[in-house]
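To find a chain, count down the sequence lines: A is the first, B the second, and so on, and within it residues start at 1.
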Amino acid sequence: MTTLDRLRQVVAGVPRGKVITYGQVAAAGGSPGAARLTVWALQKGMGLPWHRVVAAGGRIALPGEQGREQRLLLEIEGVKFRGNRVRMDLQNWTPRTPASRRKP
DNA sequence: GCCTTGACAATTC
DNA sequence: AGAATTGCCAAGG
């Protein structure tokens with residue numbers, strides 16, 4: 001199980017209607033601070049709900065078209081927006097099966 | 001084996 | 001508020 005695999009699992013574990021930040025994914029995957037790994041994981045990981053991953057504070061990281069699409073997809077799933085930000089107060093998701101669950 | 005590239009995050013000015 | 005700086009990890013050249 002590589003780090004990227006865990007990151008992908010975290011992303012895959014985000015339920016519909018919720019979002020998570022790059023930092024949270026990285027932290028949950030066992031590498032706090034390595035938000036860029038999350039980027040990598042998403043680019044490589046196909047079939048992942050990449051649109052449920054947003055930048056810190058719920059900002060949409062993608063520029064232009066892709067950003068619009070992400071926002072669309074999220075709205076379709078029931079995520080509420082405040083300007084160009086997600087309402088993290090409501091939509092933030094924290095995985096319940098993080099790397100912290102490793103066997104002792 | 002070193003350097004660059006990634007849809008970032010947090011701090012500082 | 002926006003730009004610059006640093007830290008983090010993995011893959012590809």
For the pair A:Q66 (side chain) and A:P63 (backbone), establish whether a donor and an acceptor sit closer than 3.5 Å, ignoring hydrogens and angles. no
I want to check one thing: is the phosphate of C:dA10, taken as OP1 and OP2, less than 4.0 Å away from some side-chain N or O of A:T3? yes
What integer distance in Å separates A:L37:CG from B:dC8:C1'? 10 Å
Side-chain touch A:L74/A:Q70, heavy atoms, less than 4.5 angstrom: yes
To the nearest angstrom, how far is A:L7 atom CG from B:dC8 atom C1'? 13 Å
In whole angstrom, give the distance that lies between atom CZ of A:R52 and atom P of B:dC8. 20 Å
Pairs flagged by salt bridge (charged side-chain N to carboxylate O under 4.0 Å, His left out) wherever residues 13-41 of chain A is involved - sequence neighbours left out: none
Nearest-Å distance for atom pair CG/C1', residues A:L74 and B:dA7: 13 Å
Between C:dC8 and B:dT12 - P atom distance, rounded Å: 16 Å
I want to confirm an ordering. Mapping A:K44 and A:A34 to their closest nucleotides on DNA chain C, which one lands closer to the 5' end? A:A34
What is the distance, rounded to the nearest whole Å, between atom CG of A:L42 and atom C1' of B:dT5? 16 Å
Distances under 3.5 Å between nitrogen or oxygen atoms of protein and nucleotides 9-13 of chain B:
{"residue": "B:dA9", "atom": "OP1", "partner": "A:A56", "partner atom": "N", "Å": "2.6"}
{"residue": "B:dA9", "atom": "OP2", "partner": "A:A56", "partner atom": "N", "Å": "2.8"}

A:N84 vs A:I60 side-chain heavy atoms within contact, under 4.5 Å: no
What is the distance, rounded to the nearest whole Å, between atom CG of A:N84 and atom C1' of B:dA7? 15 Å
I want to check something: taking the side chain as every heavy atom from C-beta on, are A:V79 and A:V19 in contact at a cut-off of under 4.5 Å? yes
Let me know the distance between CD of A:Q66 and P of B:dG6, rounded to the nearest Å. 14 Å
Student check: side-chain heavy atoms of A:R71 and A:H51 closer than 4.5 Å: no
Between B:dC8 (P) and A:L4 (CG): distance, integer Å: 16 Å
Is any side-chain N of the basic residue among A:E75 and A:K80 closer than 4.0 Å to the acidic one's carboxylate O? no
